[in-house]
Amino acid sequence: MSGKLIHVVVLAAGEGKRMQSKRAKVLQPVGGRSMLWHGLASVVELKPDAIHVVVGHDAESVQREVERFGQHHPELTLNCVQQTERLGTGHAVQQAMPNVPDDATVLVMPGDMPLIRASSLQSLQAHFASSQAVLSVLSFFAQDPTGYGRILRDAQGQVTGIREQVDASAEELAVDEVNSGVLMVEAGQLNDCLGQLSNDNQQQEYYLTDCIGLTVEGGLAVTAEVCQDSNELLGANDPLQLATIEAHWQHRCVIALMEQGARLAMPQSLQIRGRVQVGRDVWIDRDVIFEGEVVLHDDVSIGAGSILRDCVLAAGTRIEPYCVLESTRTHGACQIGPFARLRPGTEIGPDCKVGNFVEVKNAVFEAGAKASHLSYIGDASIGAAANIGAGTITCNYDGVAKHRTEIGEQAFIGSNSSLVAPVRIGHRATIGAGSVVTKEAPDDALTLTRASQTSISDWHQRKRTDKK
Ligand code: UD1
Ligand code: CA
């Protein structure tokens, strides 16, 4: 392809009133990332020389998002330009042009087009490079063209202009080939046209789309490349359209997951808000949510209704239904849940079991350790093959600071014990049920702190005397 510089202008200054949100429209999330992020992620694959994001409404937040994206792509030249008044798409592009060299090729893209694929941008780029045109728009055929700018063509099929909905005649309104909002144009030509724009139209805006007619009038060629999958070009103006885009995105994600070999009980019930990698023979039951970065190795199974954020699960890990796992790693086949909550810093070894109504935070379970029912294990290390009885609590917080509990190998913690941290339970130590342990429990010994059981034999239950 040509060695010309590629500069991208992303339009992200709009407010998106119909979204009824404090947030800038382009920051609304799809699949756990902002719409702007998705668009930028596709653009990056063109290896552009620079990306200019036009910001206006909620500019600071949009700028922060752009910076976050930039941190993931240190190779990019990425900058924001302010559009202080929203005077139209032409005016918006104009704000970026001082930063664009005259001999560059410019790709203009709306910031709220998260489903656009890099391959579609690349095919527009290839089309543009191989045609005589100085400007090419990405168009599509709309079932309902309402709201879109119509592509106008002459008798020979050559593009002659774009007419916005509100300015169109009845005949023009009948056209179903519409402007996606994405276009490629030579920078010099774009500058020429932008300089000639007027806002003499229904919306009193400076329309970028008027550049098409101006270019043709100047005797230069404009083409339209038709995008086959119009879903890619969906924008979101309101919560309903955002949900539609989300559904398309989720569909793409589950297809990608099944292509990796995952078996899904009900693909349309899975929600992916981030990225998921799976090994072979992974099974995912219905109504599961994945967030952030999730890695599931071979033979992992995820029970219904579970939520996993930023987790790496070793081969053979079984998550029973209705578990919530955050920043958790497993290190071998193990069983979690049902109804377990694993909070950040949880590490579960092979052959471990974390059962129902167990909460774990910042704790390591060595191989074969078990906490089968109703426990809180926080800031702790649990030795290999230790058994934590039902109702055991690590009292890790003294009201000011957090303290650690260390439990040795093969220790046996009787039910309903409170381990008051900092405290160490020795290897093979046994703690009697119902103990409150405040000092070290030595290796190999039985430690109990409860009152010993007594029975009083000549005991009379109190009876009410006023009863008839
Ligand atoms: C625009 C196109 C229309 C196309 C449609 C596709 C124009 C005049 N019309 O119409 O042909 O079919 O997109 O969705 O270009 N923006 C700014 N600053 C502004 C105005 C807009 O940054 O002053 C941004 C918006 O945030 C948005 C994008 O530009 O991301 C498009 O603007 P919008 O007003 O939504 O254009 P449409 O009326 O949809
Ligand atoms: Ca508009």
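Counting starts at 1 for both ligands and their atoms, following the listed order. Along the sequence shown, residues are numbered consecutively beginning with 1.
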_Any Ser180 heavy atom less than 4.0 Å from ligand 1_ = yes
*Does any N or O in the side chain of Thr89 come within less than 3.5 Å of the main-chain N or O of Leu208, such that one atom is a donor and the other an acceptor?*
yes
*Taking both backbone and side-chain atoms of Gly88, is any N or O found less than 3.5 Å from an N or O belonging to ligand 1?*
yes
*Indicate whether the side chain of Tyr207 and that of Asp167 have a donor and an acceptor atom separated by less than 3.5 Å.*
yes
*Just by distance, with hydrogens left out, do Glu246 and Gln250 show a side-chain donor and acceptor under 3.5 Å apart?*
yes
*Going by heavy-atom distance to atom 26 (O) of ligand 1, choose the closest among Gly14, Gly56, Pro110, Ala142.*
Gly14
*Would you call Arg150 and Glu172 a salt bridge, taking side-chain N to carboxylate O under 4.0 Å as the test?*
no
_Enumerated ligand 1 atoms positioned under 4.0 Å from heavy atoms of Arg86_ = 18 (N), 19 (C), 23 (O)
_Of the listed options Asn179, Val26, Val178, closest to atom 4 (C) of ligand 1 (non-hydrogen atoms)_ = Asn179
*For Arg275, look at atom CZ and say whether over 12 heavy atoms of other residues, nucleotides or ligands are found less than 6.0 Å away.*
no
_Heavy atom of Leu87, distance to ligand 1 below 4.0 Å_ = yes
_As an exercise, identify every atom of ligand 1 less than 4.0 angstrom from a heavy atom of Ala92._
17 (C), 18 (N), 22 (O)
*Using a strict cut-off of 4.0 Å, indicate which atoms of ligand 1 neighbour a heavy atom of Ala13.*
17 (C), 18 (N), 22 (O), 26 (O)
*ligand 1 atoms in contact with Gly149 (distance to a heavy atom under 4.0 Å)*: 3 (C), 4 (C), 11 (O), 12 (O)
_Which of the numbered atoms in ligand 1 are under 4.0 angstrom from any heavy atom belonging to Thr89?_
7 (C), 8 (C), 15 (O), 20 (C), 21 (C), 29 (O), 31 (C), 32 (O)
*Donor-acceptor under 3.5 Å (Asn201 side chain, Glu205 main chain)*: yes
*Between Arg153 and Glu177, is there a side-chain N and carboxylate O pair less than 4.0 Å apart?*
yes
_Any carboxylate oxygen within less than 4.0 angstrom of a Lys/Arg side-chain nitrogen, looking at Arg64 and Glu67?_
no
*Does ligand 1 have any atom sitting under 4.0 Å from a heavy atom of Glu164?*
yes
*Below 4.0 angstrom from a heavy atom of Thr209, which ligand 1 atoms are there? Numbered from 1 as shown, please.*
7 (C), 8 (C), 9 (N), 11 (O), 15 (O)
